[in-house]
Amino acid sequence: MLRSSTLTQSVTVTCVRHSHRQWHQSIPVNYRVCDASRNTLSSNSAILKWKRKSNTKRNSSGMGTFTTRALAQPLRNADELIDSVETFIFDCDGVIWKGDKLIGGVPETLDMLRSKGKRLVFVTNNSTKSRKQYGKKFESLGLNVNEEEIFASSFAAAAYLKSIDFPKDKKVYVIGEDGILKELELAGYQYLGGPEDGGKKIELKPGFLMEHDENVGAVVVGFDRYFNYYKIQYGTLCIRENPGCLFIATNRDAVTHLTDAQEWAGGGSMVGALSGSTQREPLVVGKPSTFMMDYLANEFGISKSQICMVGDRLDTDILFGQNGGCKTLLVLSGVTTLPMLQSPNNAIQPDFYTNKISDFLSLNAAAV
């Protein structure tokens, strides 16, 4: 049986609820986003509710309190972890690949898990590609992965709009790349913006007023290499001036792996600009929001207790798994280093950690 040591530290979380309008009322699922690094809830509607753990208590002020997990343990017996779950959810950047370079031992590890009858799902916060485009990337790296096993935050944005019955006569303004546009198109939504607005400039002169489409009902913000002031202003106008306009973020990742040589500013930098100009917090559909976890569980009929989330980021991957009630494994092949994990300032502790997923091949019962 997998065990962790006793829980030690208590942190207080305050839930803030906001009103929501129009089609928001029919949202079928509660989506919860808990950012432990800031002890805040990222929310622009009442649908983001903090999911209280079984060890949560209420204090006299009515605020929820939770107790952090025990310090993460190094993975010593991979077989025991593998046998304890039915499904492995893998992050991609920093776990499967870095940039366009495959991390060593990945093909053999995935083949081994499939041979044991495990379901494999690949979840990424990178919204620059659609599911179909990610399928081609897996194929180019020599990995046999079906499109149905891939869940990118670009797909999550379109799936979220469908889940709330977002009106088809409304438009979506996109600050992001081709992946979001393709998924919106597949879902049957009208959109504008995207890479096409990357070359647009604003000529500021006395009396200039920028027009915007008043039929935009949602602004979706993702990673955007063509980000500019025009997009910031257009998105700001839609969110602030169009009644009931949704502000949706694919993710708030601080950094990303565009190449294997260094870290690059992530989608959170684009989201932060709009959050600053609108004074609104976005609804996040990517990790660590539970939207994708709920969607996956419903899609495949998976019990969340039978899932292990494997990722390289504490504040997205590991928090995503913990918010969903899954086992969690941190790999040190991406963003997070061992000193970062073990820092006294880090409040997010996975169940286990290891160097890379190919450790599944060597850390077995015989080795122990």
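When the shell of 6.0 Å around CD of Glu214 is examined, it contains 12 or fewer heavy atoms from other residues, nucleotides or ligands. With a 6.0 Å radius and a threshold of 12 heavy atoms from other residues, nucleotides or ligands, Asn144 has its CG atom at or below the threshold. No more than 12 heavy atoms of other residues, nucleotides or ligands sit less than 6.0 Å from atom OH of Tyr229. The neighbour count for Arg114 CZ, taken as heavy atoms of other residues, nucleotides or ligands under 6.0 Å away, is above 12. Other residues, nucleotides and ligands contribute over 12 non-hydrogen atoms within 6.0 Å of the NZ atom of Lys200. Counting non-hydrogen atoms of neighbouring residues, nucleotides and ligands closer than 6.0 angstrom, the CD atom of Gln306 exceeds 12 such neighbours. Open room surrounds CD on Glu139; 12 or fewer heavy atoms of other groups in view lie less than 6.0 Å from it. Within a 6.0 Å sphere centred on CG of Asp100, other residues, nucleotides and ligands contribute 12 heavy atoms or fewer.
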Practice prompt. Output, in order, the C-alpha distance, side-chain angles, deciding distance and verdict of salt bridge (charged side-chain N to carboxylate O under 4.0 Å, His left out) for Lys171 and Asp213.
Written response: CA-CA 9 Å; Lys171 298 176 184 177; Asp213 192 328; 2.7 Å; yes
Practice prompt. Show the numbers, then the answer: is there a ring-ring contact (aromatic ring centres under 6.0 Å, His included) between Phe320 and Phe291?
Written response: CA-CA 10 Å; Phe320 176 63; Phe291 174 74; over 10 Å; no
Practice prompt. Report the C-alpha separation of Tyr173 and Ile239 in whole Å, then their side-chain angles, then the decisive distance to 0.1 Å, and conclude whether the side chain to side chain contact (heavy atoms under 4.5 Å, CB included) test is met.
Written response: CA-CA 10 Å; Tyr173 183 68; Ile239 293 169; over 6 Å; no
Worksheet entry | Glu86 vs Lys118, salt bridge (charged side-chain N to carboxylate O under 4.0 Å, His left out): CA-CA, chis, key distance, verdict | CA-CA 5 Å; Glu86 297 175 355; Lys118 304 302 174 182; over 6 Å; no
Fill in: salt bridge (charged side-chain N to carboxylate O under 4.0 Å, His left out) assessment of Lys98 paired with Asp93
CA-CA 6 Å; Lys98 274 191 174 183; Asp93 298 314; over 6 Å; no
Discussion item. Show, in sequence, the C-alpha distance, side-chain angles and deciding distance for Glu147 and Arg131, and conclude whether the salt bridge (charged side-chain N to carboxylate O under 4.0 Å, His left out) test is met.
Written reply: CA-CA 6 Å; Glu147 186 178 322; Arg131 295 173 87 182; 5.3 Å; no
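Of the possible polar contacts, one joining the Asp317 side chain to the Asp312 backbone as a donor-acceptor pair under 3.5 Å is found. A donor-acceptor contact shorter than 3.5 Å links the side chain of Ser289 to the backbone of Val284. Side chain of Gln73 to main chain of Leu71: a donor-acceptor pair is present (N/O by atom type, distance under 3.5 Å, no hydrogens or angles). Proximity of a side-chain donor or acceptor of Ser130 to a complementary backbone N or O of Gln133 within less than 3.5 Å is detected. Listed for the Glu183 side chain is no donor-acceptor partner under 3.5 Å among the backbone atoms of Asp178. Within the 3.5 Å criterion, the main-chain N or O of Met340 finds no donor-acceptor partner in the side chain of Ser343. For Asn298 (side chain) and Asp294 (main-chain N/O), a donor-acceptor pair under 3.5 Å exists by modelled atom type. With hydrogens and angles disregarded, a donor-acceptor distance shorter than 3.5 Å links the side chain of Asn215 to the backbone of Asp169. Looking at Glu263, its side chain never comes within 3.5 Å of a backbone N or O of Val255 through a donor-acceptor pair. Under the 3.5 Å distance criterion, the side-chain polar atoms of Ser84 are matched with a main-chain donor or acceptor of Leu81.
Heavy atoms only, all atoms of each residue included: Gly321 and Met309 are closest at CA-CB, 3.9 Å. Here the closest heavy-atom approach between residue Phe247 and residue Val271 is recorded as CZ-O, 4.0 Å. Residue Ile150 comes nearest to Asn146 through the heavy atom pair CG1-O, 3.5 Å, listed as atom of the first residue, atom of the second, then distance. Minimum interatomic distance between Gly266 and Ser269 (heavy atoms only, all atoms of both residues): O-OG, 2.6 Å. Looking at every heavy atom in both residues, Val220 comes nearest to Ala157 through CG1-CB, 4.1 Å. In terms of heavy-atom proximity, Leu237 sits nearest to Met210 at CD1-O, 3.6 Å.
One distance of note links CG of Leu329 with CD1 of Ile89; it measures 13.0 Å at 0.5 Å rounding. Atom OG1 of Thr336 and atom CD1 of Ile318 lie 8.0 Å apart (nearest 0.5 Å). Note: Ile96 CD1 to Lys101 NZ = 15.5 Å, rounded to the nearest 0.5 Å. Taking CG from Asn125 and CG from Asp253, the interatomic distance works out to 4.5 Å, rounded to the nearest 0.5 Å. Separation of atoms OH (Tyr226) and CD (Glu196) is listed at 13.5 Å; rounding is to 0.5 Å. Residue Leu110 holds its CG atom at 5.0 Å from CD1 of Ile357, rounded to the nearest 0.5 Å.
For an aromatic pair to be called close, the ring centres must be under 6.0 Å apart, and Phe166 with Tyr189 satisfies this.
Counting heavy atoms from C-beta on, the side chains of Pro350 and Leu314 come closer than 4.5 Å. Residues Lys182 and Ser154 fail the side-chain proximity criterion, which asks for heavy atoms closer than 4.5 Å. Considering only heavy atoms from C-beta on, Leu181 stays 4.5 Å or farther from Glu185 through its side chain. By the 4.5 Å heavy-atom criterion applied to side chains, Phe88 and Val310 are counted as neighbours. Between Tyr234 and Leu192 the shortest side-chain heavy-atom distance falls below 4.5 Å. Leu319 places none of its side-chain heavy atoms less than 4.5 Å from the side chain of Thr328. Counting only heavy atoms from C-beta outward, the side chains of Ile307 and Lys327 never approach each other to under 4.5 Å. Residues Thr250 and Ile180 meet the side-chain proximity criterion, which asks for heavy atoms closer than 4.5 Å.
Salt-bridge check for Asp315 with Arg252: failed, with every basic side-chain N at 4.0 Å or more from each acidic carboxylate O. Under 4.0 Å is where a charged nitrogen must lie from a carboxylate oxygen, and between Arg313 and Asp91 no such pair does.
Residues that satisfy the side chain to side chain donor-acceptor pair (under 3.5 Å) test with Lys116, not counting sequence neighbours, are absent from this structure.
For the side chain to side chain contact (heavy atoms under 4.5 Å, CB included) test with Ser358, the passing option among Val331, Thr109, Ile103, Val106 is Thr109; the others fail. Considering Tyr160, Phe155, Phe151 in turn, Phe151 is the only one that fulfils the side chain to side chain contact (heavy atoms under 4.5 Å, CB included) rule with Met292.
Applying the ring-ring contact (aromatic ring centres under 6.0 Å, His included) test to residues at least two apart or on different chains, the pairs with a partner in residues 93-122 are Phe90-Phe122, Trp97-Phe138, Phe122-Phe138.
The side-chain tip of Lys129 points at the ring of Tyr134 from less than 6.0 angstrom away and within 45° of straight on.
Linking ILVMFWY residues whenever their side-chain heavy atoms come closer than 4.5 Å, directly or via other members, leaves Trp264 and Val335 in distinct clusters.
The closest side-chain donor-acceptor pair between Thr124 and Asn126, if any, does not fall under 3.5 angstrom.
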